[in-house]
Chemist: 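A single structure is presented below for examination.
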Amino acid sequence: MAQFFRRLARASTPFSLSKAFKSDDTKSSLGGFGVPYGAIAALSGGISYYMYFSSPNMVHLDQSSEEVGQKMALNPDKWIEFKLHEKARVSHNSELFRFTFDPSAKLGLDIASCLLTRAPMGEDAEGKKKYVIRPYTPISDPDAKGYFDLLIKVYPEGKMSPYLSSLKPGDVVEVKGPIEKLRYTPNMKKHIGMIAGGSGITPMLQIIEAVLRNPDDNTQLSLLYANISPDDILLKTKLDILEASHPNLKIFYTVDNPTNDWKGGVGYISKDVVVKGLPGPSEDTLILVCGPPGMMEHISGEKAKDWTQGELKGLLKDVGYTEEMVYKF
């Protein structure tokens, strides 16, 4: 099983990991259109500063009748230890982690939600423990019992990701949640467009898989996925297989630094790419955005200081979308 997990990671295909583990200072047009990507990319994929969690954003998700009585591993009011079972390298700066818990329990995460992790970071002046806290979006099936998987980019200048990278099988990490982001329901829109940068792919994958595994969900999906180089594209093999086997999923990749054999787009996401690659503005359209601050500002504007959605700006506003048609992770 461990060998399978490692092969899966090398292929950049953490395949729902449900079958037996089923499944830097580079300047970048993705990272900030002139802003050093390495300094801000740790914010992508829903990663945020602790200040976000100083206000009560934890939610008790409503449970369906089928879930009443089902044992849930997560608790929104309590930090719980989860044991690292296995980890493997996915790319030059990304690792895949499998954490385990009671195999009779479900994680307790809905689409699209994330969980919080925390790590000790010394003591304050009064001798009390200090912690760094970061949210991550699992890439495993939310209905899987006994485990969840995190795909994390490890930045040397970061605080949480190097800590997680230092863990060995058998070590534990404290987790709390869930934090609900977008409450997804089948067929809520006819067409969902997505713009992701770097590890901002993780909440998009949650929704993509929720749509594709439900035969009664007819939602059309379009994904624009931007990265620094082809080697930085997370989950590409998995995404390509999903696209090839599902006609309602279309994906366009673009990178800043292409290789000689690169056949996708080059450069940051432009107005022309948005118009050609995403569904047009409509009441039946929803556009999801997740990535580094520079990309967010260029595409949709960042969230407000209180972490509400904030004003819609950027390319999406220029193209004609309204705030009701856009969701910022």
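Values reported hereafter were calculated over all heavy atoms of this structure, with side chains retained and with hydrogens, waters and symmetry mates removed. These numbers were taken from a predicted model, which means no experiment stands behind them.
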Chemist: Give a yes or no on this: more than 12 heavy atoms of other residues, nucleotides or ligands lie within 6.0 Å of atom CG of Asp261.
Modeler: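 It does: Asp261 CG has more than 12 such atoms within range.
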Chemist: Looking at every heavy atom in both Asp256 and Val266, which two are closest together, and how far apart are they?
Modeler: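 Residues Asp256 and Val266, closest heavy atoms: O-CG1, 4.4 Å.
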Chemist: Does Lys83 come within less than 4.0 Å of Asp171, counting only side-chain N to carboxylate O?
Modeler: no
Chemist: Before giving the answer on side-chain contact (heavy atoms from CB on, under 4.5 Å), spell out for Lys106 and Asp143 the whole-Å C-alpha distance, their side-chain angles and the decisive distance to 0.1 Å.
Modeler: CA-CA 6 Å; Lys106 288 175 59 176; Asp143 292 327; 3.2 Å; yes
Chemist: Can you name the residues that form a salt bridge (charged side-chain N to carboxylate O under 4.0 Å, His left out) with Lys313, not counting sequence neighbours?
Modeler: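 Here the qualifying residues are Glu297.
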Chemist: For the atom pair CD1 (Ile251) and CG (Asp240), what is the distance rounded to the nearest 0.5 Å?
Modeler: 6.5 Å
Chemist: So does Glu323 pair up with Lys328, basic N to acidic O under 4.0 Å?
Modeler: no
Chemist: Ring centroid separation for His298 and Tyr268, is it under 6.0 angstrom?
Modeler: yes
Chemist: Answer yes if Val154 and Ile201 sit in the same cluster of Ile, Leu, Val, Met, Phe, Trp and Tyr residues linked by side chain heavy atoms under 4.5 Å apart, and no otherwise.
Modeler: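 No; Ile201 is not reachable from Val154 via cluster members.
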Chemist: Hey, what do you get for OG (Ser91) to CG (Asp231), rounding to the nearest 0.5 Å?
Modeler: 8.0 Å
Chemist: Could you see if Phe101 belongs to whatever hydrophobic cluster contains Ile80? Use Ile, Leu, Val, Met, Phe, Trp, Tyr and a side-chain cutoff under 4.5 Å.
Modeler: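 Result: yes, single cluster for both.
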Chemist: Let me have the donor-acceptor pairs involving side chains of residues 116-125, under 3.5 Å, with sequence neighbours excluded, atom names and distances please.
Modeler:
from	atom 1	to	atom 2	distance (Å)
Thr117	OG1	Arg134	O	3.0
Arg118	NE	Glu174	OE1	2.7
Arg118	NH2	Glu174	OE1	3.3
Arg118	NH2	Glu174	OE2	3.4
Asp124	OD1	Glu126	N	2.9
Asp124	OD1	Gly127	N	3.0
Asp124	OD1	Lys128	N	2.8

Chemist: Do the non-hydrogen side-chain atoms of Met295 and Val289 ever get within less than 4.5 Å of each other?
Modeler: yes
Chemist: Less than 4.5 Å apart, any side-chain heavy atom of Ile133 and any of Trp79?
Modeler: yes
Chemist: Suppose we screen for salt bridge (charged side-chain N to carboxylate O under 4.0 Å, His left out). Which residues come up paired with Asp217, at least two apart in sequence or across chains?
Modeler: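 Once residues adjacent in sequence are excluded, Asp217 has no partner under the salt bridge (charged side-chain N to carboxylate O under 4.0 Å, His left out) criterion.
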Chemist: Is the number of heavy atoms from other residues, nucleotides or ligands within 6.0 Å of NZ (Lys189) greater than 12?
Modeler: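 Yes, NZ of Lys189 has more than 12 neighbouring heavy atoms, counting only those of other groups under 6.0 Å.
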Chemist: Examine Phe329 together with Tyr327 and report whether their ring centres are nearer than 6.0 Å.
Modeler: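 Judged by ring-centre distance (under 6.0 Å), Phe329 and Tyr327 do meet the cut-off.
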Chemist: Could you list the residues that satisfy side-chain hydrogen bond (donor to acceptor under 3.5 Å, both in side chains) with Ser245, not counting sequence neighbours?
Modeler: none
Chemist: With a 4.5 Å heavy-atom cut-off, do Phe99 and Leu150 have their side chains touching?
Modeler: yes
Chemist: Please round to the nearest 0.5 Å and tell me the distance separating atom NZ of Lys87 and atom CD1 of Ile152.
Modeler: 10.5 Å
Chemist: With a 4.5 Å cut-off on side-chain heavy atoms, are Val132 and Tyr163 touching?
Modeler: no
Chemist: What residues, two or more places apart in sequence or in another chain, satisfy salt bridge (charged side-chain N to carboxylate O under 4.0 Å, His left out) together with Asp318?
Modeler: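 Salt bridge (charged side-chain N to carboxylate O under 4.0 Å, His left out) check on Asp318 returns nothing, list empty.
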Chemist: With a 4.5 Å cut-off on side-chain heavy-atom distances among I, L, V, M, F, W and Y, is there a chain of contacts connecting Leu115 to Val172?
Modeler: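 No; tracing contacts between hydrophobic side chains, which count when under 4.5 Å, never links both residues.
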Chemist: Measuring from atom CZ of Phe97 to atom CG of Leu167, what distance do you get when rounded to the nearest 0.5 angstrom?
Modeler: 7.0 Å
Chemist: First locate atom OG of Ser222, then atom NE2 of His191, and finally report the distance between them rounded to the nearest 0.5 Å.
Modeler: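 Rounded to the nearest 0.5 Å, the OG-NE2 separation comes to 3.0 Å.
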Chemist: Could you pull out all donor-acceptor pairs under 3.5 Å where a side-chain atom in residues 276-288 meets a protein atom, sequence neighbours excluded?
Modeler:
from	atom 1	to	atom 2	distance (Å)
Lys276	NZ	Asp272	OD2	3.3
Ser282	OG	Asp284	N	3.0
Thr285	OG1	Gly280	O	3.0

Chemist: Do we see a donor-acceptor contact under 3.5 Å between the side chains of Asp110 and Ser113?
Modeler: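 Side-chain D/A pair, Asp110 to Ser113: absent.
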Chemist: Working to the nearest 0.5 Å, report the span between CG of Leu109 and CD of Glu180.
Modeler: 10.0 Å
